[in-house]
Chemist: 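I have a structure I would like to understand better, so I am pasting it below and will then ask my questions one at a time.
Lettering of chains follows the sequences in order, A, B, ..., and the numbering in each one begins at 1.
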2 protein chains.
Amino acid sequence: MKKLVTLKELSKELGVSVSTVSKALNNDSTIGHYTRERVERLARDRHYVPNEVARNFQQQRSLTIGLIVPNVLDQFFVQAINGVDEVASARQYTVLMSQTLDDERRANAILDQMRLDGVDGLISTITPTTTDLTPYRRLEKAGIPVVFMSRSPNDPACAQVTLLNDDAACNATTFLMERGHQRLAYLNGPPCVAASQQRRIGFERALIEQHRANDGLVYQPAGLTPTDTEQAIEALMALPEHPTGILTFKTYMALDAIAYLKRIYPERLNTVEFVGFSNLPLLKHLAHKPVASVEENPGLMGAESMRLLMQLMSDTPVTSTHIEIPGTLIVH
Amino acid sequence: MKKLVTLKELSKELGVSVSTVSKALNNDSTIGHYTRERVERLARDRHYVPNEVARNFQQQRSLTIGLIVPNVLDQFFVQAINGVDEVASARQYTVLMSQTLDDERRANAILDQMRLDGVDGLISTITPTTTDLTPYRRLEKAGIPVVFMSRSPNDPACAQVTLLNDDAACNATTFLMERGHQRLAYLNGPPCVAASQQRRIGFERALIEQHRANDGLVYQPAGLTPTDTEQAIEALMALPEHPTGILTFKTYMALDAIAYLKRIYPERLNTVEFVGFSNLPLLKHLAHKPVASVEENPGLMGAESMRLLMQLMSDTPVTSTHIEIPGTLIVH
DNA sequence: TTGTAGGCGTTATCAT
DNA sequence: ATGATAACGCCTACAA
C-alpha cells in the first residue's frame, strides 16, 4: 500500500484546489465543463483511484461485512459463504470471514476483531455452547446489525435465517413411510443445537399425521462421531423389531451407519433405508447410499442472510427479521 | 460502525491532552506512572479500543491481505484458504477473499478492488486463460507483493507456491507399475494449465526410469466433464491391449471413469486400477475407488503462501521466492 | 513529563 | 464556478 496518486497531487498539477478535483470526480454539478474535462483526463492519465481506506475512514464506514462460520472445511458453510459473497459483491461489499471452530472463546475474539475492523454488519452462526449474547449485543449497541445464519439463539429478537427444519424432517419421514417402512427411527443431533429438537418435532409430527405415533422412535446418540453412530445403530438393530426407515440428523451419520451395517449386519443392508440432512456432492458415486437427502440450500441461506443484513444496514424499515428456508427432499 | 470511544473523549474526561493518552496506551516511556495508571484505568472502564480504520489509514497500511481463488466450492481451494487463514490470523492479518470463477474479466475487477481496499499483499491463483500480467504488475508497482498459489504464470520472476507435480506423478506411476500393471495410461488435464504438462512429464519420467517407455500412453481428453472422461476411457478400452493402471489429472476423473466401467465394462472393473490427484474426504465410503490418491496438501500450500507473502511484505531479504510442496501418495 | 501541531486522503460546508 | 477550511481518529516529531 504505497504511493497511490492522490487528489492533492492532481490538484497541484492542474493548479486548482483539492476540493475542485474531488467534486469534479464526484460529478458535482457545480463544476464547470472545462475544468471537469481537464480533471477527468489527468485522473485517467495518472491512473488515479480513490484511496478506499481514507474514504471509509472519512465516511465512518467500511463497505465491509463480517461473516463468522464454524468451519470453512464444512461443505454446508462453504456454500453458505458462497451465497453471501455473491450478494455482497454485487452490492460492492467485501466480506471479512473468520471461523470459530466452534470454540466460544475464539468466537468472542473474532467478534472483537470484527468490531475493530469496522465492519458495517455481521452474519454469524453461533457455537453450540454459546448462551451469553453480550458480545453480540455490544456490536448491535455500536450500530452494527447482526444476522444469525443457520444456527441462531433462542431469543426471537435476533434477526435470523434458518432452515425450516421441522417441515423438512416431516417430509422426509413421510417419504420413508410411503416407501412402506413399518418401523421408523430418528437419529438425533446434539441436544444443545436447536435444529436437533426442530427435526425431532418434524419427525414426530409426520408420525402423528399418518396416525402411526407408535411406529417411530427417537434415538439420541452420544455425539456425532462414527463411533457414536455405530453404537446407536447397534442399539436399534438389537430391538425385537428393528426400524427399517431411519432419518439421520446429518447425512454422514447415515453413511457411517451404512458402513457399520455392511460390516456387521450385511444381510440387513438392503432392508434398511436412510434419509439424512445435507445433500453431499459425492453421493452419486456411492454403491450403498441413503435413498434420499434433505438439501439444505445453504447457498440460498447465505444469500438471504446477506439480503436481510443489507436491509438492516439501510434505515428502511424491515418487514421481517426471521427468514425460513425450506429444505428440499432429493431422491437418489 | 458508530460511536466507538475515542482518544479525544478519554483525554477530555481526564483533562490531559490526546497525545498523552495515546502515548500512555502505547507504553511510551516518557509518561509518568500516575498519569499512565489513570489513563489505563479509564480506557478499560470505557472499553476503549483503537479504531483500526483510522489507524490503518494513518499508518498507510491495512493489516489485510487479499486472497483470490477460482472457486470456494472446490475442496482443494477451501483447504488452501484455511491454510492461509491460519497463518494470517496468527499474525493479526485479516483475509479479504474473492473468487474469479475462472473468468479473467472478473479476476481483473477483483484485482482493482483489492488495490482500492488497500491490501498489504496478495495471494492469487490465475485463471487458465490469463496471459496478460499487467494487472498484477500494477499491484507490484504500487508496492503490493503478490504470491501465486497452486497455479502460476510461466514467468519465473513471480513468487509462487506450487505442487511438485512431476515428482508426485512419477511416484504415483511407479506405484502402479509396482502393483504389476503392464500397460499404463495418463488422462491429462487441460493443456493450458501448467500442472497438466508437469504431471505428464512425471508420468513419462517414471516409465523411463523403469525402462518401460513403451508401456505407457498419454491421453488428452477434451475437457474435465464426465462425458469427456467417458470418451477417453472408451478410447482406452478399445485398444487391443487396454491399459490397466491409469493415472488421472484429477481424482474425480477417476471416479467418473470407474462409474463408466461399472456400467459398460463391469467385467473389467476389477482389473483396472486408478490413481488420481486430490485426496477427497468421502473416498472412504466408496465401494469402488482409486487404489491411491495424491494428497496435494492444499492446507500446507496455503500456509506456505502466506508465510512467503509475510516475508515479501517485510523488508527482510527473501531467501527463495519459489516454494514447491511435495505431494503425498495415499494408498487406500 | 506533558502538550502542541501537523499530517495521512477524502468529503462536506461555507465562503468567495 | 471554485477555493479554503475543518473534520474523521490516530500517531509522532518537536516544543515547552
Chemist: Quick check, does A:Phe57 stack with C:dT10? I mean ring centres under 5.5 Å and planes off by under 30°.
Modeler: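 No.
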
Chemist: Specify the separation, in whole Å, of atom CD of A:Gln59 and atom C1' of D:dC8.
Modeler: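 Roughly 11 Å, once rounded to whole Å.
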
Chemist: Can you measure A:Glu52 atom CD to C:dT11 atom P for me and round it to whole angstrom units?
Modeler: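 Value for this atom pair: 9 Å.
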
Chemist: I want to verify a distance call: between D:dA4, C:dT2, C:dT10, whose nearest atom is closest to the A:Leu7 side chain?
Modeler: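 Closest nucleotide among those given: C:dT10.
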
Chemist: Let me know the distance between CD of B:Glu37 and C1' of C:dT1, rounded to the nearest Å.
Modeler: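 About 16 Å, once rounded to whole Å.
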
Chemist: What distance do A:Leu67 atom CG and A:Ile110 atom CD1 have between them, rounded to the nearest 0.5 Å?
Modeler: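 Interatomic distance, A:Leu67 CG to A:Ile110 CD1, rounded to 0.5 Å: 10.5 Å.
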
Chemist: Can a side chain N or O of A:Gln58 be found less than 4.0 Å away from OP1 or OP2 on C:dC8?
Modeler: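 Checking C:dC8 against A:Gln58, no side-chain N or O comes under 4.0 Å of OP1 or OP2.
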
Chemist: Do the non-hydrogen side-chain atoms of A:Val161 and A:Phe148 ever get within less than 4.5 Å of each other?
Modeler: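 The answer is no; the side chains never approach within 4.5 Å.
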
Chemist: Is there a donor and acceptor pair closer than 3.5 Å between the side chain of A:Ser17 and the base of D:dA4?
Modeler: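 Result: no qualifying N/O pair found.
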
Chemist: Nearest whole angstrom, please: distance from the P of D:dT2 to the CG of A:Leu25.
Modeler: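 Distance check: A:Leu25 CG to D:dT2 P gives 14 Å.
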
Chemist: Whole Å only: how far is the CZ atom of A:Arg36 from the C1' atom of D:dT2?
Modeler: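 Distance check: A:Arg36 CZ to D:dT2 C1' gives 13 Å.
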
Chemist: Find the distance A:Asp28:CG to D:dG3:C1' and express it as a whole number of Å.
Modeler: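 So the CG-C1' distance, A:Asp28 to D:dG3, works out to 13 Å.
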
Chemist: With a non-hydrogen cut-off below 4.0 angstrom, is B:Thr6 in contact with a base, only sugar-phosphate, or nothing?
Modeler: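 The residue B:Thr6 makes sugar-phosphate contact but no base contact.
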
Chemist: Is the shortest side-chain N/O distance from A:Thr30 to OP1 or OP2 of D:dA1 below 4.0 Å?
Modeler: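 For D:dA1, OP1/OP2 do not have a side-chain N/O of A:Thr30 under 4.0 Å.
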
Chemist: Return the value, rounded to whole Å, for the distance between atom CD of B:Glu9 and atom C1' of D:dC8.
Modeler: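 Those two atoms, CD and C1', are 13 Å apart.
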
Chemist: Which is it for B:Glu9 and B:Lys12 under the salt bridge (charged side-chain N to carboxylate O under 4.0 Å, His left out) test, yes or no, and what are the steps along the way?
Modeler: CA-CA 5 Å; B:Glu9 286 162 13; B:Lys12 204 180 313 174; over 6 Å; no

Chemist: For C:dT2, does OP1 or OP2 lie under 4.0 Å from any side-chain N or O of B:Tyr34?
Modeler: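 Checking B:Tyr34 against C:dT2: no side-chain N or O falls below 4.0 Å of OP1 or OP2.
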
Chemist: I'd like to know if B:Arg46 pairs up with B:Glu13 as an ion pair, taking the criterion as any Lys NZ or Arg NE/NH1/NH2 lying under 4.0 Å from an Asp or Glu carboxylate oxygen.
Modeler: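 Between B:Glu13 and B:Arg46 there is a salt bridge, with a charged N closer than 4.0 Å to a carboxylate O.
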
Chemist: Salt bridge between B:Arg137 and B:Asp132, side-chain N to carboxylate O under 4.0 Å?
Modeler: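 Result for this pair is no, no salt bridge flagged.
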
Chemist: NA contact type, B:Val16, heavy-atom cut-off 4.0 Å: base, sugar-phosphate, or nothing?
Modeler: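 Sugar-phosphate, backbone atoms only, no base.
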
Chemist: Classify A:Lys8 by what it touches in the nucleic acid, base, sugar-phosphate, or nothing, heavy-atom distance under 4.0 Å.
Modeler: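 The residue A:Lys8 makes sugar-phosphate contact but no base contact.
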
Chemist: From the options C:dG3, C:dT11, D:dC10, select the nucleotide whose nearest atom is closest to the side chain of A:Val18.
Modeler: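 Between C:dG3, C:dT11, D:dC10, the one nearest the side chain of A:Val18 would be C:dT11.
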
Chemist: Is the phosphate of D:dT2 approached by A:Thr35 (side-chain N or O, under 4.0 Å from OP1 or OP2)?
Modeler: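 For A:Thr35, the contact criterion (side-chain N or O under 4.0 Å from OP1 or OP2 of D:dT2) is met.
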
Chemist: Do other residues, nucleotides or ligands put more than 12 heavy atoms under 6.0 Å from the CG atom of B:Asn26?
Modeler: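 Buried by this count: over 12 neighbours within 6.0 Å.
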
Chemist: Counting side-chain heavy atoms from CB outward, which of D:dC10, C:dT11, D:dA4 is closest to B:Ala54?
Modeler: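 The listed nucleotide nearest to B:Ala54's side chain is D:dC10.
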
Chemist: So what does B:Asn26 hit on the nucleic acid, given a heavy-atom distance under 4.0 Å: a base, only sugar-phosphate, or nothing?
Modeler: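 Answer is sugar-phosphate: B:Asn26 comes under 4.0 Å of backbone atoms only.
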
Chemist: B:Arg38 has an atom CZ; how far is it from atom P of C:dT1, in whole Å?
Modeler: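 B:Arg38 atom CZ is separated from C:dT1 atom P by 16 Å.
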
